[in-house]
Amino acid sequence: DTAVSQTPKYLVTQMGNDKSIKCEQNLGHDTMYWYKQDSKKFLKIMFSYNNKELIINETVPNRFSPKSPDKAHLNLHINSLELGDSAVYFCASTLYGGPQETQYFGPGTRLLVL
Amino acid sequence: GQQLNQSPQSMFIQEGEDVSMNCTSSSIFNTWLWYKQDPGEGPVLLIALYKAGELTSNGRLTAQFGTTRKDSFLNISASIPSDVGIYFCAGQKVPGYALNFGKGTSLLVTP
């Protein structure tokens, strides 16, 4: 009965590789987000999708490409991985315009680029 | 996005003590949220505040939305070892939009 799930939980890869992270929510939400948490634990928004449409695209290298096949899924594909991409990536979701709109986070994907 | 000013950065207290942490911003937010992150996990929502001046409790936790909409505090009473973790404040300007996070308060509780 997991609310927001992410796979994989851990991802170790070499520089230059391409990798994907997947996120799924079973809360019936229509808006999903990707946040990046750096080594100092600071959380920063990367992307946001509402009903499969991109609504937020912060200053993120275009090596990062989100894709939302449906409202319950938001994936993140990263091309040509760099050392600085090592971080924890969190997916979150919310019901836009809900009576008390709140974002719920997944468990995170720990990416280590060697 | 704007980063919120959260303090203190860390706290080291004894079990049973009360804890207070706060968050300030130079701009107005319509929603303030407090999250807790345990090691190896994602942030978990503790308290959400939607109205200026609102005071909300969740067990031993109490949070308030500042009347100017530019600040919030979180209090934890009678701390216990499982309160250990990183506490984040987050502000949201527009419904559906991204959260702006503070840098976190790392709490350690000794038995």
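Naming convention: chains lettered A, B, ... in sequence-line order (proteins, then strands); numbering from 1 in each chain.
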How far apart are the C-alpha atoms of F65(B) and I47(B), what are their side-chain angles, what is the distance that settles it, and do they pass the side-chain contact (heavy atoms from CB on, under 4.5 Å) test?
CA-CA 11 Å; F65(B) 193 150; I47(B) 292 180; over 6 Å; no
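- Between the side chain of N58(B) and the backbone N or O of L46(B) there is at least one donor-acceptor pair closer than 3.5 Å.
- To the nearest 0.5 Å, atoms SG (C89(B)) and CE (M21(B)) are separated by 10.0 Å.
- If you measure heavy-atom distances from I86(B) to chain A, the contacts under 4.5 Å come from the side chain alone.
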S79(B) vs D83(B), test: side-chain hydrogen bond (donor to acceptor under 3.5 Å, both in side chains). Steps then yes/no.
CA-CA 6 Å; S79(B) 58; D83(B) 290 334; 4.9 Å; no
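- When each of K9(A), Q6(A), R110(A), K40(A) is checked for heavy-atom pairs under 4.5 Å with chain B, R110(A) comes out on top.
- In this structure, the side chain of T31(B) does not engage the main chain of Y50(B) through any donor-acceptor pair within 3.5 Å.
- No donor-acceptor distance shorter than 3.5 angstrom exists from the side chain of Q25(A) to the backbone of H73(A), with no hydrogens or angles considered.
- Both the backbone and the side chain of Y97(B) come within contact range of chain A, each with at least one heavy atom under 4.5 Å from a heavy atom of that chain.
- A salt bridge (Lys or Arg N to Asp or Glu O under 4.0 Å) check over residues 60-78 of chain A, counting only residues at least two apart or in different chains, returns the pairs R63(A)-E82(A), R63(A)-D85(A).
- Annotation: residues 27-38 of chain A contacts chain B through T31(A), Y33(A), Y35(A), Q37(A) [non-hydrogen atoms, separation under 4.5 Å].
- Contact of the F29(B) side chain with the S27(B) side chain is registered, since non-hydrogen atoms from C-beta on lie closer than 4.5 Å.
- Of the two parts of A98(B), the backbone and the side chain both hold a non-hydrogen atom closer than 4.5 Å to a non-hydrogen atom of chain A.
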